[in-house]
Amino acid sequence: MSAPHSSHSGSHNATPAKGFYGWMEARLPALSLFNKTLRDFPEPKNLSYLWNFGSLAGIVLVIMILSGIVLATQYTPHVDMAFDSVERIMRDVNYGWLIRYIHANGASFFFLVVFIHMFRGLYYGSYKKPRELLWILGVIIFLLMMATAFMGYVLPWGQMSFWGATVITNLFSAIPLVGEGIVQWLWGGFAVGNPTLNRFFALHYLFPFVIVGVVIFHIWALHVVGSNNPLGIDVREERDQIPFHPYYTFKDLFGLSVFLFFFALFVFYAPNYLGHPDNYIPADPLVTPAHIVPEWYFLPFYAMLRAITFDIGIPFTDIVFVEAKLGGVLVMFGAIGVLFILPWLDRSPVRSGRFRPLFKPCYWLFFVCCVFLGYVGAKPADATLLGLPLQWFGLLGIVYYFAYFLVLLPFVLPKLEKVPELPVSIADAYSEKSSGKQKAAKEQNPTEEGQAE
Amino acid sequence: MSDASQDPPTRRDFLLLTGTAMTAVGTGAAVWPLIDSLSPSAEVLALATVEVNLANIEAGQSLTVVWRSKPVFVRHRTEQEINQAAQATERDLIDPEADSARAVRPEWLVIVGICTHLGCIPLGQKTGDNRGEFGGWFCPCHGSHYDTSGRIRKGPAPKNLTVPEYRFLDDTRILIG
Ligand code: HEM
Ligand code: FES
């Protein structure tokens with residue numbers, strides 16, 4: 001791998017730097033590290049706007065932590081007081097409504113940004129060698145985010161909080177033998193209750209900082225292997241690249257302002273649009289709402305959880321390998337688990353989907369499939385579509401979800417797709433594009449390389 | 001260096017092994033209290049029992065009582081409901097269990113009102129509730145249907161609604177727990 005990196009870092013001169021900077025450098029080279037990551041870091045010059053969403057996610061994480069800490073100063077994690085303390089934040093605390101709406105909508109936007117970030121990676125093959133670990137760290141962040149958001153949603157202690165917590169913690173009861181014990185351990189009781197709320201608050205405060213830690217490793221890994229780009233070919237020379245600052249700092253700032261525009265629209269004009277009215281009813285352990293739905297970002301996974309309504313075993317016998325309940329849980333966790341091994345599942349040598357004619361429709365069908373599973377998750381369990389149970393379509397969606405990763409990427413696509421002629425140089429492709437020509441660079445290069453070997 | 005396994009064990013090997021073993025035991029002993037502190041605590045475990053007065057529950061009516069912070073359904077079953085429950089054969093049942101094994105006295109059914117799928121409270125306690133296709137209870141969360149014996153008949157739940165430990169104190173009182 002030949003990604004040149006930080007070769008023209010401005011901070012390591014032969015003569016030691018002077019002044020405060022020099023004094024700091026001799027003791028703790030933090031400033032130069034900062035420079036290397038945020039100022040001089042060389043990036044491919046052809047990144048599209050889809051490359052904005054990584055740094056955007058980082059900024060949203062900061063927004064979540066700041067608004068969360070301020071909320072925590074006013075919030076009471078006790079079953080008798082939690083709901084009222086949130087209402088107090090909404091009505092009496094100065095700007096409490098604003099901070100809470102920022103935090104609640106921020107969670108939704110965080111997921112939106114991260115979903116785009118992930119689908120970007122899926123399309124451009126950013127998970128492929130040498131970025132496997134970078135991708136895996138991302139999946140870990142995603143898991144931690146889901147845990148954090150789930151526990152945060154429990155804190156206001158409304159009906160959805162309580163029943164969401166009940167349903168999700170009960171997932172673990174599907175584990176054979178030890179399941180019941182694990183669930184009671186999670187609850188600290190025989191049902192979701194005060195001990196549960198207390199520990200969820202403690203962990204909801206902790207996890208975002210764990211996320212910060214993993215993000216640091218994620219960016220560290222990024223800086224070792226360098227960014228992928230829309231062409232999916234390796235950076236080869238200095239003229240393929242531009243420094244992060246000022247080019248991408250300003251592009252990111254522009255992206256941020258567009259993001260903040262839409263974010264503000266929701267915070268100020270539709271703050272409860274993404275939420276659920278049932279969560280403004282205080283939790284009642286004896287009454288389940290008629291229709292439990294998680295927040296939108298969990299819907300596809302929720303659909304998977306519900307879709308397995310039959311035991312998996314040998315047909316027409318009593319032999320059961322996997323009970324329906326465990327089946328749903330396995331499918332749901334498997335959907336994320338498969339992302340961990342994705343770098344080794346996709347066996348095409350070509351990174352960017354742009355050069356893969358058969359991959360493209362499969363990818364977009366996969367995208368539609370995820371959105372559709374979200375739709376299935378939002379509907380009641382007994383909903384129908386075209387007169388057939390909606391769950392059947394849900395099953396179909398699940399089959400395609402897994403087939404994409406386990407059949408199409410490893411076996412079908414690499415067989416059917418010819419390895420195309422790829423552009424050789426980012427810089428050439430870039431200047432040809434900007435000079436108005438249609439085709440990517442086709443310069444004859446004697447050494448046939450440029451793609452992941 | 002020669003192959004270590006060929007050499008007779010030395011004092012050093014012994015110290016390393018016992019040292020490592022003791023460290024593992026010590027770490028485990030230090031971590032366990034942290035983990036176990038999350039389990040239900042003594043005051044939660046202090047076993048509560050509840051006594052239920054059946055005198056005022058007419059046939060066809062149900063009562064929900066709270067036992068160990070769980071809802072328990074006490075149903076005074078009608079003749080028809082008892083017959084329905086008795087008629088189901090093993091082939092109709094997902095989790096086969098005879099109705100007679102689930103009710104100490106056929107007219108009274110006492111079950112924990114927590115869906116065995118993922119823990120929602122099934123509907124069917126109030127008049128006008130959707131009772132599902134088998135006339136017992138219906139869990140709206142993911143669509144589990146329970147019959148008049150609280151047995152799972154359709155949907156994702158794997159088990160029948162649990163029958164808690166209870167006994168009749170006299171003809172009109174039961175003690176749960
Ligand atoms: C990864 C970042 C985070 C995510 C995704 C997240 C997500 C959430 C969500 C979805 C809610 C429920 C909002 C509602 O419906 O009211 C919530 C509530 C809450 N969060 Fe966070 N959170 C994050 C970080 C933090 C941090 C760092 C803190 C504290 C230091 C915090 C403190 C709180 C508090 C006190 C509440 C309850 C008040 C409320 O419901 O608005 N959060 N969080
Ligand atoms: S919790 Fe009752 S069907 Fe899922």
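Heavy atoms of other residues, nucleotides or ligands lying less than 6.0 angstrom from NZ of B/K70 number more than 12. Within a 6.0 Å radius of CZ in B/F168, other residues, nucleotides and ligands contribute more than 12 heavy atoms. For A/F209, the CZ atom is densely surrounded, since the number of other residues' heavy atoms within 6.0 Å is greater than 12. No more than 12 heavy atoms of other residues, nucleotides or ligands lie within 6.0 Å of CD in B/Q80, so this atom counts as exposed by the packing criterion.
Proximity to chain B is absent for every atom of A/F172, based on heavy atoms less than 4.5 angstrom apart. Both the backbone and the side chain of A/L286 come within contact range of chain B, each with at least one heavy atom under 4.5 Å from a heavy atom of that chain. A/P289 touches chain B through its backbone: at least one of N, CA, C or O sits under 4.5 Å from a heavy atom, while the side chain does not.
Listed in order of number, the residues of residues 25-36 of chain B that approach chain A to under 4.5 Å between heavy atoms are B/I35. When the heavy atoms of residues 114-131 of chain B are compared with those of chain A, the residues falling under 4.5 Å are B/T116, B/H117, B/L118, B/G119, B/C120, B/I121, listed by number.
Rounded to the nearest 0.5 angstrom, B/C139 SG and A/I292 CD1 are separated by 7.5 Å. Taking CH2 of A/W187 as the start and OG of B/S39 as the end, the distance is 13.5 Å to the nearest 0.5 Å.
Contact tally against chain A (heavy-atom pairs below 4.5 Å) for B/P140, B/S41, B/G113: the top residue is B/P140. Among B/C141, B/S144, B/G143, the residue with the largest count of heavy-atom pairs under 4.5 Å with chain A is B/C141.
Here the closest non-hydrogen pair linking B/H142 and A/Y302 is NE2-OH, 3.0 Å. Contact detail for B/P40 and A/G189: the closest heavy-atom pair is CG-N, 3.5 Å.
The main-chain N or O of A/F190 is never found under 3.5 Å from a side-chain atom of B/R68 such that the two would form a donor-acceptor pair.
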